[in-house]
Amino acid sequence: MRGVSSDLNQTTLDGMTLASISDGGSIRRRVNMQNIPAEMTGEDDIYKTFTAEQDGGAIGAVINMNPRSAFDHDGLYKYINAYGIYGTEKGSAGANRIPGMSPHFGQGAKAVFSDRFGKHKEFGIMTSFRYQSRTRNTTKKWQEDSYNYYNTKGKILSPNDPSTPGWNGMTAPRYVDGGSYSNNLNSLGGAARLEWHPENSGFSASVMGYAYERWENSFMEHNEYLLDDTGIWNQTPTSGREYIYRARTIGRKDNWQMNTNGVLGNLGWHDNISTLKLRAGYTWEDYYNHEPYVTARVYPKETAKGAVYADYTINRENVANLVDIIDMNKLLNSGYAFQTVQQEYDRDHEGVTNVRLDYTRNLSPDFHGFGFASGFEWRSLNATNSSDQLWYKPGGSATSSMFIPDMQNPNGPFFDLTNFPWDKQTLDPAKSKNYTQLAYFRYQEQLFDGYVSLHYKWRNSQIIAGVRADSVNFNAFIPGTDSSSNPTGKIDKNRGGYINPLPSVTFVHEFPKNLILHAVYSQSVGRPQPTDLAQAAQYSCGDSQNTKPGDINCSLSRGNPNLMPRKAQNFDISLDKFFNRGRGVFSVAYFDKMIKHDIYTTRSTEIINDELTYVTQPRNANNSSLMGVEVSVVDKNIKGPWRQSFDINASGTWMRGRMTYQGVNVSYKLKQLTEQPSYVFNGSVTWHIPQIRGAVKASFSYSAKYLEGLNDDPTQMYGYGSQPSLDIGAWNDITDSLRLKYEVYNLAGSHTRMYYGEHLNRLEAKEYYGRSIYFELVYN
């Protein structure tokens, strides 16, 4: 939303803030929509401009999901959807000795039932259900920015650089790095809502509960090779043969589970002029994960009997792949030794209690003159993170725990993680205790909000002026550490808080011919993440999301309890033109956000435990800014020949950001914010064909490259490349209640690409998830 991180959106369900733990166990403010299935909600309200009525903790948008209501239907309502899924990417499923992993197939079902009852149908009940099991297999290629350059006689250049005289003009890889992932994702759960709307009383009430569980079995097989520079054979511009100087095999297994729960209550009253609504709720999420992680490496002898040769290919992006290791058994028996042996048992919990009371007077759409809204909110957030870590002493032969799979990417031995001999490993008690203590933190937050919003409406104009007081107090409990960053066994408590008045002014004018002008000024805040404030030092190795291949394989993240919240001044102006009898709208909008105390995370490189390690820590920037222009068009039921019709929906946004951040004794200026692409486009065309009682829909989205994280050295900043996506779907009705649907996601087979460098111009890695094909039968 408007080019900012999802953490800077405020997402609610029936106005209630939701507990949120991100996948991977990080306690964030972003809400994963997969945890709130669509069949549980009805219409969504999205606010990109803010009045005092909206939560003050949003810079991008406020998103409110409204629960489904039994009163949307006169009586019994039934919706059932059963479907099968085929994923084209196999990953290493079936070749990794992990039982129960599906290479391609998945299935799912979802249902909604509602009915009304009572003497005057004043009661209603809605229930929904969801089940899904699908694959999300992946292949990944890393590209270390390191190559070998030879002369025409096949000897390495000195120095090893293409500018050295005598280069033969061909690039050979130094690092070859590939990974394969087998992922099985599952979800199961449901929701129920009981409502009471007594006839002609003005009262309404509801209570809603939901419980969803998502779990994943994920396995990573990763092989990395450092190729020697003592010789090359059969070299062409795209292929060749080199020695393997060092080989490293990595195996990681994740078995995580996310439980999402909530109980929400709503009591309201209204008459012809006023509304009064009391809402209260408690939502909570729990995350569990068991993650074994093992690495081993070997240095094959370069003697005639011991040398291991590898044939490679290299493409135009200088991404290399080993197409053949000449003697895989010789490599496996070259003396692999354990480098890292570790297990983690992660547990995270977050609970949010929310109570809010809102009153409005004279704010119905057909009223004119003076009106107002006022309200109060109290919110309590409690989060805990803990991780029992078992670190084992490295060394010793790893060969007996490895095998040669029947696959080529990644080419090389795998670990047999299913039968790994944990009982034969030697625990390192001191290291295990240290990292277990460092992984713990607890965060408590109390929010008090009150607002007053004054409205005055003329025949064609309206002005809204208000102020919201946003007050937050927090306690962060983290492990105490000594001067060497070792835990002392004590828990340190850090207190903090802030209060901000957040004024806003909105002007709306309706011109003739369905042209509407909006002009808005508002202030809002971007609250620091609980993990940014409370996290102690968390150390991990082999997490491909946080590390690069090659020598840097570990990461250390630290929190910063002294962070100040972002504070944004938001300027917005838009013109909306309605046409085609209200079925179409063309909109153009300009927004400008000036952000004080922006928060960013830098990454530096340090040596920890004899490993090169990325160290990350959040900081406050001095100031940032973001401006952009949005253009969108929606037009439904465009008449075509032979009773056919078309729907068009397209939007595009251009954005420009500015940020100054502190590196090593130097300030750097950026022309974008983190997670902010310069361009975003989304569009779809639906072709309705009454002759087959169906339609065909094509959707295309595009996001330009963007920064994911900063570095003390700007040449090592990292982020994602541009991402196009093309999806296509079709459906036809067999009867008035029965429909067949067919959908293909990522039809063009796009890759996800990671880059680094000051301009994100050096390829770091690319991932391929394949295509997903859905076959659905819908009864409605």
Side-chain angles (χ1 to χ4, degrees), residues 1-9 30 46-50 58-62 517-526 565-576 586-602 619-633 650-663 666-683 700-711 714-725 753-762:
M1 291 291 182
R2 297 216 152 159
V4 300
S5 166
S6 299
D7 294 304
L8 302 181
N9 297 329
R30 63 182 59 186
I46 299 176
Y47 302 92
K48 295 183 183 181
T49 61
F50 312 128
I59 294 178
V62 173
L517 168 72
H518 289 79
V520 183
Y521 167 78
S522 64
Q523 291 186 16
S524 59
V525 297
R566 302 170 179 89
K567 188 171 181 180
Q569 297 189 70
N570 311 295
F571 300 87
D572 298 86
I573 187 167
S574 66
L575 277 172
D576 302 324
F586 174 81
S587 177
V588 59
Y590 168 81
F591 63 91
D592 195 342
K593 298 177 181 292
M594 295 184 291
I595 306 170
K596 186 177 181 181
H597 307 311
D598 199 4
I599 298 172
Y600 64 94
T601 299
T602 58
R619 303 177 186 175
N620 279 117
N622 291 330
N623 291 287
S624 298
S625 64
L626 176 66
M627 56 85 68
V629 177
E630 297 175 317
V631 178
S632 62
V633 60
S651 64
T653 306
W654 169 81
M655 290 163 283
R656 187 184 70 185
R658 292 288 186 268
M659 171 189 276
T660 301
Y661 81 96
Q662 187 70 29
V666 180
S667 292
Y668 298 102
K669 293 184 178 180
L670 298 179
K671 295 183 179 180
Q672 61 181 312
L673 308 184
T674 55
E675 299 191 45
Q676 176 248 307
S678 298
Y679 303 94
V680 173
F681 175 81
N682 296 278
F700 177 77
S701 64
Y702 175 82
S703 173
K705 64 182 180 181
Y706 62 89
L707 285 170
E708 176 74 9
L710 307 180
N711 197 293
T715 64
Q716 298 300 313
M717 293 189 300
Y718 55 99
Y720 285 88
S722 60
Q723 183 68 50
S725 180
R753 298 172 185 267
M754 284 69 78
Y755 288 86
Y756 67 104
E758 193 167 0
H759 303 289
L760 297 183
N761 55 349
R762 291 144 68 191

Tyr590-Asp592 side chain donor-acceptor pair, cut-off 3.5 Å: yes
What's the shortest heavy-atom distance between Phe591 and Thr653, and which atoms? CE2-CG2, 4.2 Å
Sequence neighbours excluded, which residues qualify as side chain to side chain contact (heavy atoms under 4.5 Å, CB included) partners of Asn623? Lys596
Would you mind reporting whether Met754 and Tyr756 have side-chain heavy atoms less than 4.5 Å apart? no
Within a strict 4.5 Å, meaning less than it, do heavy atoms of the Val520 and Asn570 side chains meet? no
Applying side-chain contact (heavy atoms from CB on, under 4.5 Å) between Tyr720 and each of Glu675, Lys705, Glu708, report the one that passes. Glu708
Listed partners of Glu758 passing side chain to side chain contact (heavy atoms under 4.5 Å, CB included), at least two apart: Pro714, Met717
Could you report the tightest heavy-atom contact between Tyr706 and Gln672, atom names first, then the distance? CA-OE1, 3.8 Å
Atom pair CH2 (Trp654) and CD (Glu630), whose distance is rounded to the nearest 0.5 Å: 12.5 Å
Student check: side-chain heavy atoms of Arg658 and Lys671 closer than 4.5 Å: yes
To the nearest 0.5 Å, what is the distance between OG on Ser722 and CZ on Arg753? 8.0 Å
Ile46 and Ala61: which non-hydrogen atoms are nearest, and at how many Å? CG2-CB, 4.5 Å
Can you confirm whether Arg566 sits close enough to His597 that some side-chain heavy atom of one is under 4.5 Å from a side-chain heavy atom of the other? no
In short, Leu760 meets Gly719 closest at the heavy-atom pair CD2-N, 3.6 Å
Could you state the interatomic distance from CD (Gln676) to CG (Leu626), rounded to the nearest 0.5 Å? 5.0 Å
From the list Leu575, Asp576, Thr49, Ile573, side-chain contact (heavy atoms from CB on, under 4.5 Å) with His518 holds only for Asp576
Any chance you could measure Ser678, atom OG, to Arg656, atom CZ, to the nearest 0.5 Å? 10.5 Å
May I ask you to test the Met594-Phe571 pair for a side-chain heavy-atom distance under 4.5 Å? yes
Any side-chain heavy-atom pair of Ile599 and Asn620 under 4.5 Å: yes
Give me the atom names and distance for the closest heavy-atom approach of Arg30 to Ser5. NH2-OG, 3.1 Å
Hey, could you give me the OH/CG distance between Tyr718 and Leu707, rounded to the nearest 0.5 Å? 9.5 Å
If you round to the nearest 0.5 Å, how far is CG of Asn682 from CZ of Phe700? 9.5 Å
Would Leu673 and Ile595 satisfy side-chain contact (heavy atoms from CB on, under 4.5 Å), going step by step from the backbone distance to the final call? CA-CA 11 Å; Leu673 308 184; Ile595 306 170; 4.3 Å; yes
So which atom in Tyr47 and which in Phe50 form the shortest heavy-atom distance, rounded to 0.1 Å? O-CE2, 3.5 Å
